[in-house]
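Below, chain A is the first sequence line, B the second, and so on; all start at residue 1. Just the heavy atoms: all of them, side chains too, but no hydrogens, waters or symmetry mates, feed the values below.
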Amino acid sequence: MTVRVRLAPSPTGNLHIGTARTAVFNWLYARHHNGTFILRIEDTDRDRSLPRHTRNILAGLAWLGLDWDEGPIYQSRRIERYQAVVEQLLDQGLAYRCYVSEAELEEMRIAQKAAGKAPRYDNRHRFLTEAQRQAYEAEGRQPVIRFKIEEPQEISWVDLIRGQITWNTQDLGGDMVIARADGYPLYNLAVVVDDIDMGITHVIRGEDHIANTPKQILLYRALGYEPPQFAHSPLILNPEGKKLSKRDGATSVAEFQQMGFLPEALKNYLALLSWSPPDGEEIFSLEKAATLFDFERVTRSAARFDWDKLNWLNSQYIKQLSPAELVERLTPFWQAAGFDLTTVPDAAWLEDLARLIADGIDRLTEASSLSRFLLQDPISYTLPALEQLRLPGVAEAMRAMATTLAQADLPEISVQSLKPLVDQVAKAQGMKKGLLMKSLRAALTGDVQGPDLMESFVLLQRRGWALPRLEAVQRLLA
RNA sequence: GCCCCCAUCGUCUAGAGGCCCAGGACACAUCCCUUUCACGGAUGCGACAGGGGUUCGAAUCCCCUUGGGGGUACCA
């Protein structure tokens, strides 16, 4: 039997990080078993489903590189199929029309709550007579379709992650609605019909679906099919252990992209939440993880989202990139920062810049501030930089540096060729090298900290910006 | 309220009765490297929620308590 799994996001919002993790598990499982990964868009909620959310979900999965083999299949295009199944259940006497209004339902729940009981539908319309039914119809009431749930009855399944889970049908809230008054199918019905039609063998989803599982198993039985295997993964919680929400910094994959995370780092991190490879390695590609993945090694407890760890992982991936790849990844962020990349000396220069700053950043967005003095002219000076430049003897040293640089006959511009010039100035000015270096940094970059100074000096010189900066300092200090 | 699930350092986790006075990673602290900030290297800090069992022996098995999470829709 070949493995067929699916990701079934609902386009009522953007691609959520939790959905992305479910996608990762599905992808890993499918690839591990050489199976098929199907994407299905669950857009049966006409009021809340939006095309732009669907686009966001598709784009997010593509960005992450979680490629699917079939789909996307849209449930909204299969409404007739679900309606046919509803008719079938009605004909078989397994479902019935319920005319109870929302107000009556609400009233019932309030009474139940007041009595200290669990809110549930009391199946009051399960045995309506033909006359009663006609009376409601005459009132103009539009019925919902409810699927009969026999009580009491134990439903249990062996969850691939959690082991056996047992549910009593008494705790399911009464006969469940499978189609709304407007004839549209509801989630539980549509899921089961689709999973049957699509030949899904393993349903891998979040823990929040555990309570839906017994209802779905009942539906499988009613339709004459064996339920698939279920694997309910733990949820991802925010750092406080609560449900992830917008105020936790980011919940949608697109936001992580904008924040400068690499898709491979994010995937890696998501795979590492509640799963770990047997070898204990923490940095791995999903392709590698796929060869190792199984549910045995998935934890049962929810994991908190840790920004520090994600940042660290991302920094590790950034360091691994080749200069050319770095430039490619960094370019959108440089452009977003407003830098004009068309005027840089050449491609090699840009690669050298990328390499220079790569060690100092966790996220791609940080590159703009680190490389600003190399991509934008003129520069502004921070307060500490100005203080540094106003130290006694610094103005003269900078002037000497400018003169020395202007007169130097450099065979090539490199750390090797520039270093002697700095040493020469330090000696001539009788200035400590540390002081000179700090001052030089302030003059060239406008700040007292930043990437390696000599490398920065080289890049500036190659752009022809070093001398003008030293001269600008003269005017500044005059 | 009721039902279900879960419980090892601050966080992510390893651990499936003796290999564990519990290992790794992130974070944090100190030191080294360094013109700076980082990177890198070294060291340190730091946990089996509590209580009962079972057993020669429990982080590992069972029960209870506590805590956390999920569900309880004509949402998915």
| message | Using a 4.0 Å heavy-atom cut-off, does Ser274(A) contact any base of the nucleic acid, only the sugar-phosphate backbone, or nothing at all? | response | sugar-phosphate
| query | So what's A47(B) paired with, Watson-Crick or G-U wobble, going by both distances under 3.5 Å? | reply | none
| query | Which part of the nucleic acid does Ala118(A) contact within heavy-atom distance under 4.0 Å: base, sugar-phosphate only, or nothing? | reply | base
| message | Tell me which nucleotide, if any, is Watson-Crick or G-U wobble paired with U66(B) when both distances must be under 3.5 Å. | response | A7(B)
| request: For U11(B) and A47(B), measure between their C1' atoms and round to the nearest Å. | output: 12 Å
| query | Which part of the nucleic acid, if any, lies within contact of Gly116(A), taking any heavy atom under 4.0 Å across all strands shown: a base, the sugar-phosphate backbone alone, or nothing? | reply | sugar-phosphate
| field | Whole-angstrom distance between C32(B) and A38(B), as gauged at atom P | value | 15 Å
| Base, sugar-phosphate, or nothing: which does Thr166(A) touch, judged by heavy atoms less than 4.0 Å apart? | sugar-phosphate
| Close side-chain approach of Arg363(A) and Phe333(A), heavy atoms under 4.5 Å | no
| said: Check this for me, if you would: do Arg6(A) and Asp194(A) make a salt bridge, where the nitrogen-to-carboxylate-oxygen distance has to be below 4.0 angstrom? | reply: no
| message | Let's test this: given Watson-Crick or G-U wobble pairing with both distances under 3.5 Å, identify the partner of A42(B). | response | U30(B)
| query | Taking NZ, NE, NH1 and NH2 as the nitrogens, is one of them in Glu264(A) or Arg329(A) under 4.0 Å from a carboxylate oxygen of the other? | reply | yes
| NA contact type, Ala303(A), heavy-atom cut-off 4.0 Å: base, sugar-phosphate, or nothing? | sugar-phosphate
| field | Same-atom distance (C1') from G17(B) to U55(B), integer angstrom | value | 9 Å
| said: Between Glu42(A) and Arg40(A), does any NZ, NE, NH1 or NH2 come within less than 4.0 Å of an OD or OE carboxylate oxygen? | reply: yes
| said: Pairing check on A22(B): which nucleotide meets the Watson-Crick or G-U wobble criteria with it, both distances under 3.5 Å? | reply: none
| For atom C1', what is the distance between G18(B) and A59(B), given to the nearest Å? | 13 Å
| task | Considering only atom C1', compute the distance from A27(B) to C12(B) and round it to an integer number of Å. | result | 11 Å
| query | What integer number of Å spans the P atoms of A22(B) and A49(B)? | reply | 15 Å
| said: Over all strands shown, is Leu272(A) touching base, sugar-phosphate only, or nothing at heavy-atom distances under 4.0 angstrom? | reply: sugar-phosphate
| Contact class for Thr12(A) (heavy atom, under 4.0 Å): base, sugar-phosphate, or nothing? | nothing
| query | Does Gln112(A) reach the main-chain N or O of Arg120(A) with its side chain, forming a donor-acceptor pair under 3.5 Å? | reply | yes
| What nucleic acid atoms does His209(A) come within less than 4.0 Å of, heavy atoms only: base, sugar-phosphate, or nothing? | base
| said: Mind checking if Glu282(A) touches a base, just sugar-phosphate, or nothing, with heavy atoms under 4.0 Å? | reply: base
| How is Arg48(A) classified with respect to the nucleic acid when contacts are heavy atoms under 4.0 Å: base, sugar-phosphate, or nothing? | base
| field | Whole-Å P distance, C39(B) and C28(B) | value | 9 Å
| task | With a 4.0 angstrom cut-off to heavy atoms of chain A, pull out the first and last contacting nucleotide of RNA chain B, in 5'-to-3' order. | result | G1(B) to A76(B)
| field | Complementary nucleotide for A59(B) - Watson-Crick or wobble, under 3.5 Å | value | none
| query | Should the pair Glu282(A)-Lys309(A) be classified as a salt bridge under the 4.0 Å nitrogen-to-oxygen rule? | reply | yes
| Which part of the nucleic acid, if any, lies within reach of Val144(A) when heavy atoms closer than 4.0 Å are counted: base, sugar-phosphate only, or nothing? | base
| Do Arg146(A) and Tyr121(A) meet the cation-pi criteria used here (NZ or CZ under 6.0 Å from the six-membered ring centre, within 45° of the axis)? | yes
| task | For Gln316(A), report the nucleic acid contact type (base, sugar-phosphate, nothing); a contact means any heavy atom under 4.0 Å. | result | sugar-phosphate
| query | Is the backbone N or O of Gln164(A) less than 3.5 Å from a side-chain atom of Asp159(A), with the two atoms forming a donor-acceptor pair by type? | reply | no
| request: Select base, sugar-phosphate, or nothing to describe what Val298(A) touches, counting heavy atoms under 4.0 Å on all strands. | output: nothing
| request: For A76(B) and U72(B), measure between their P atoms and round to the nearest Å. | output: 11 Å
| request: Would you indicate what Arg109(A) reaches in the nucleic acid, counting non-hydrogen atoms under 4.0 angstrom: base, sugar-phosphate, or nothing? | output: sugar-phosphate
| task | Determine whether Tyr381(A) and Asp447(A) make a side-chain contact, defined as any pair of heavy atoms from C-beta on separated by less than 4.5 Å. | result | no
